[in-house]
Amino acid sequence: MTIRLTNSKTRRKEEFTPLREGQVSMYVCGPTVYDRAHIGNARPVVVFDTLFRLLRHVYGADAVTYARNFTDVDDKINARAAETGRPIRDITDETIGWYHEDMDALGALRPTHEPRATEYIGAMIAMIGGLIQGGHAYEASGHVLFRVRSYAEYGALSGRSVDDMIAGARVEVAPYKEDPMDFVLWKPSEAGVPGWDSPWGFGRPGWHIECSAMSYELLGESFDIHGGGLDLQFPHHENEIAQSCCAHPHGSFAKVWMHNEMLQVEGKKMSKSLGNFFTVRDLLDQGYPGEVIRLVYLGTHYKKPMDWTVEKAREAEGTLRKWRGLVKGVAPSQPDQRVIDVISDDLNTAGAIAVLHDLAREGDLAGLKASAAMLGLLEDHMGAWSEAGVDLTPWAERLAALRQAAMESKNFAPADAMKAQLVAAGVEVRMSKSGCELVPGPGFDAAKLEALD
RNA sequence: GGCGGGUUGGCGGAGAGGUUACGCAGCGGAUUGCAAAUCCGUGAAGACCGGUUCGAUUCCGGUACCCGCCUCCA
């Protein structure tokens, strides 16, 4: 079994081999917990969840260690606390709860570790101390800054040179920086802002250091895969590399870097000003099942920009209803080798979905169910949405009786009228010689059935 | 300005240097009291201009357009 992944570091698709035979370690940048996750936040969750599932399948469930952090110290959180007057811990605890609810709804497995930045402050302070000792960082005006010029490889991941970046910089440079590209490892905290005692005074960490510290503590100085959204490639991941490689020069940090492309909505960048900004919870509340959202995500390869559209959601819902109808009561067999092969080729989930369609057409329902589970689809705990919630048998019997009478009287009007009402309620009406079958379809609304009484 | 990515049939969206992607929609047929669902069949493509090649939508170069990052947004 060969897994091939596109490595952002080398810009090539490479055969994946774990650093430690039979053991795989993966780190993915998680959310800053100050608000509900929006649908863009969910894309890397689904993408790397799919990779997690594949790795578990290939190497064994216990052989894969997956860490995804919660950034719970951040100025956006501080701002939210100041606005609402609520304690920071309340906000971050609540947001983490939401995150779990929403990502669970998308069928994402919980990572092995979900470290909170605030629980690793000591590790960050130790790492910063080491960087200063090694000449890679310096203290200035209460801050500790990373000395970008001390790391020759800086910019390699994102294909930038320090000089080019300075030439094109649009940001105002803090006067205490030795070099405009130097970035903050530690900054002072004024009263009312979270802070910790450190050799450089009361303060808090910069953003990037947490991922370096936590990945080191949980996965070691060298690990296999580091993932995240493409927007993190610079500066966040570039800075992580600089910090980690300078702090642990014997390690290689992440071997494979993976970045998912961004998400758009109806062809446009999602933004609050365009009014097309929404959270996963918004979609769930509007009645889009998490499984439907997941299938929409998986329909586009992770390296390409993905467009969220209601049309795609509609199609995905139809597909899942059909498949769920097919595999109902079917025990899963083994995942089809074609599915394993195609997702092993750089996580080609769109190709895998095509194979699921093939399996459905071929009638291998046990294989369909098992293969879909590789993608986190058609699992039993995700299927409640496709059940009617009400027993349609009484209506089916009434319709059958009306139809029987119509067949004899040749007056089909009453039967047709009832059928039309059922269709209006979102019920799929299937009449055959053997009787009438009623199945809830897209947009099924049990309330509309009451009008039939 | 710097760096990176993309452009496939009506729509969505993959793979592969030569052979049907697939889904949705459409069309034809089977089926049905009529439908729906289902099944079978079917047309339709690779931005533009060059190059490499026996042969490119697939590799290379250029043009146009679109998008992202450079602002502690995944």
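All chains are named by letter (A, B, ...) in the order of the sequence lines, taking the proteins before the strands, and each is independently numbered beginning at 1.
Atoms CG (A:D231) and P (B:rC67) sit 17 Å apart, rounded to a whole Å. If you take NE2 of A:H259 and P of B:rG6, they are 16 Å apart, rounded to a whole angstrom.
The nucleotide whose nearest atom lies closest to any side-chain atom of A:A350 is, among B:rG13, B:rC72, B:rA74, B:rG13. For A:M431, the listed nucleotide lying nearest its side chain is B:rC34; candidates were B:rC34, B:rC70, B:rA14. For A:T300, taking side-chain heavy atoms from C-beta onward, the closest of the listed nucleotides B:rA74, B:rG33, B:rA14 is B:rA14. In this structure, the nucleotide among B:rG33, B:rA74, B:rA14 sitting nearest to the side chain of A:H38 is B:rA74. Among the nucleotides B:rG33, B:rA36, B:rA74, the one closest to the side chain of A:P44 is B:rA74. When distances run from any side-chain atom of A:N41 to the nucleotides B:rC67, B:rA74, B:rA37, the shortest one goes to B:rA74. Considering only side-chain atoms of A:M262, the nucleotide from B:rG68, B:rG33, B:rC24 that sits closest is B:rG68.
Less than 6.0 angstrom separates the ring centroid of A:F253 from the ring centroid of A:F223.
Looking at RNA chain B, the stems built from 3 or more consecutive Watson-Crick or G-U wobble pairs, each pair with its key distances under 3.5 Å, are B:1-7 with B:64-70, B:10-12 with B:22-24, B:26-30 with B:38-42, B:47-51 with B:59-63.
Contact between the side-chain N/O atoms of A:R403 and the OP1/OP2 oxygens of B:rG33 is found at a separation under 4.0 Å. Within the structure, a side-chain polar atom (N or O) of A:K304 is placed less than 4.0 Å from OP1 or OP2 of B:rA14. The side chain of A:K312 contributes an N or O atom lying less than 4.0 Å from OP1 or OP2 of B:rG13.
If you check every strand for non-hydrogen atoms under 4.0 Å, A:R361 touches sugar and phosphate atoms only.
Between A:G206 and A:R430, it is A:R430 whose nearest contact on RNA chain B lies nearer the 5' terminus.
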